[in-house]
Amino acid sequence: MVSIKEINSTNRNYIKYIAELHKRAFPTFFLTQLGLPFLKTLYKGYLEDEASGIITAEKSEKLIGFIAYSNDYSQFYKGLIKHHLFKFGICSIGAAIRHPSFIKRLLSAFKKSDSVVREEKYVELASICVDPDEESRGIGTSLIDYLKRKVDFNEYSYINLETDAEGNDGVNKFYVKNEFRLTRQFTTAEGRKMNEYRYKEEGL
């Protein structure tokens, strides 16, 4: 049986397993290339930030999936820069030496605090990850359903997320299946084509 729950700052021991699961699920992704210490620092930030959090899925006491989200994504990024910029820099040195192009991409990521500011209040689904051995078993949908139930749509206008537009058909179909609507397509400074999706509760 799968258990879905939200963890908090007292569950710091989860961070190691969350980072390791991210690495297993996304071995070629940019953030993964920055290393486990970087990932641990990043996800620790979601537990430290009062407006953010992590929802986990477990089976037989084993982590098999998670969602990282923020109710104030701009403030989340500012908190990361304020409290962890030096550590992120140390964690990224090796990757930057191996891949100099990562430096520009990393700097662009830390400037995101300005680009995610919106007039309306919204919740950002920043990361969703499912153990590759547990795919197609409804874990991702269960995590998203938990987040949907948690969000007060009288206070927040929608749940927002971004994902790659190309070479990512399965993920895009997954979000559409879970009632997210494509609202925007854009290209990042690095030339990455992205889709932006939003989920709104019907009637609001």
L125: which of N160, T163, I144, L143 passes side chain to side chain contact (heavy atoms under 4.5 Å, CB included)
I144
Answer yes or no: are there more than 12 heavy-atom neighbours, outside Y156 itself, under 6.0 Å from its atom OH?
yes
Donor + acceptor pair across side chains of Y197, N172 (<3.5 Å):
yes
I'd like to know if the side chain of T32 and the backbone of F26 have a donor-acceptor N/O pair within less than 3.5 Å.
yes
Does any donor atom in the side chain of N195 or D164 lie under 3.5 Å from an acceptor atom in the other side chain?
no
Got a salt bridge between E134 and R137, using NZ or NE/NH1/NH2 to carboxylate O under 4.0 Å?
yes
Out of I55, L21, I139, which one pairs with F66 under the side chain to side chain contact (heavy atoms under 4.5 Å, CB included) rule?
L21
Do S127 and Y43 pair up side chain to side chain, a donor and an acceptor below 3.5 Å, judged on atom types alone?
yes
Between the main-chain N or O of G191 and the side-chain N or O of T187, is there a donor-acceptor pair closer than 3.5 Å?
no
Compute whether any side-chain donor of one residue and acceptor of the other, for E201 and Y158, lie under 3.5 angstrom apart.
no
Provide the closest heavy-atom pair for E58 versus L63 in the form atom of the first, atom of the second, distance.
CG-CA, 4.3 Å
State whether Y199 and K148 meet the cation-pi test: NZ (Lys) or CZ (Arg) under 6.0 Å from the six-membered ring centroid, and within 45° of the perpendicular axis.
yes
Go through S52 and N71 one step at a time and tell me if the side chain to side chain donor-acceptor pair (under 3.5 Å) criterion holds.
CA-CA 6 Å; S52 304; N71 297 337; over 6 Å; no
If we ignore hydrogens and angles and just use 3.5 Å, is the side chain of Q33 paired with the main-chain N or O of P27 as donor and acceptor?
yes
Can you confirm whether K23 is buried at NZ, in the sense that more than 12 heavy atoms of other residues, nucleotides or ligands lie under 6.0 Å from that atom?
no
Let's go through K44 and E48 carefully: what are the C-alpha distance in whole Å and the side-chain angles of both, what is the deciding distance for salt bridge (Lys or Arg N to Asp or Glu O under 4.0 Å) to 0.1 Å, and is it a yes or a no?
CA-CA 6 Å; K44 181 182 176 185; E48 293 176 338; 3.7 Å; yes
Might you point out which heavy atoms bring G140 and I128 nearest each other, and give the distance in Å?
O-CD1, 3.8 Å
N-O pairing of K62 and D131 below 4.0 Å
yes
May I ask you to test the R184-E162 pair for a side-chain heavy-atom distance under 4.5 Å?
yes
Taking atom CD as the centre, does E50 end up with more than 12 heavy-atom neighbours from other residues, nucleotides or ligands that are less than 6.0 angstrom away?
no
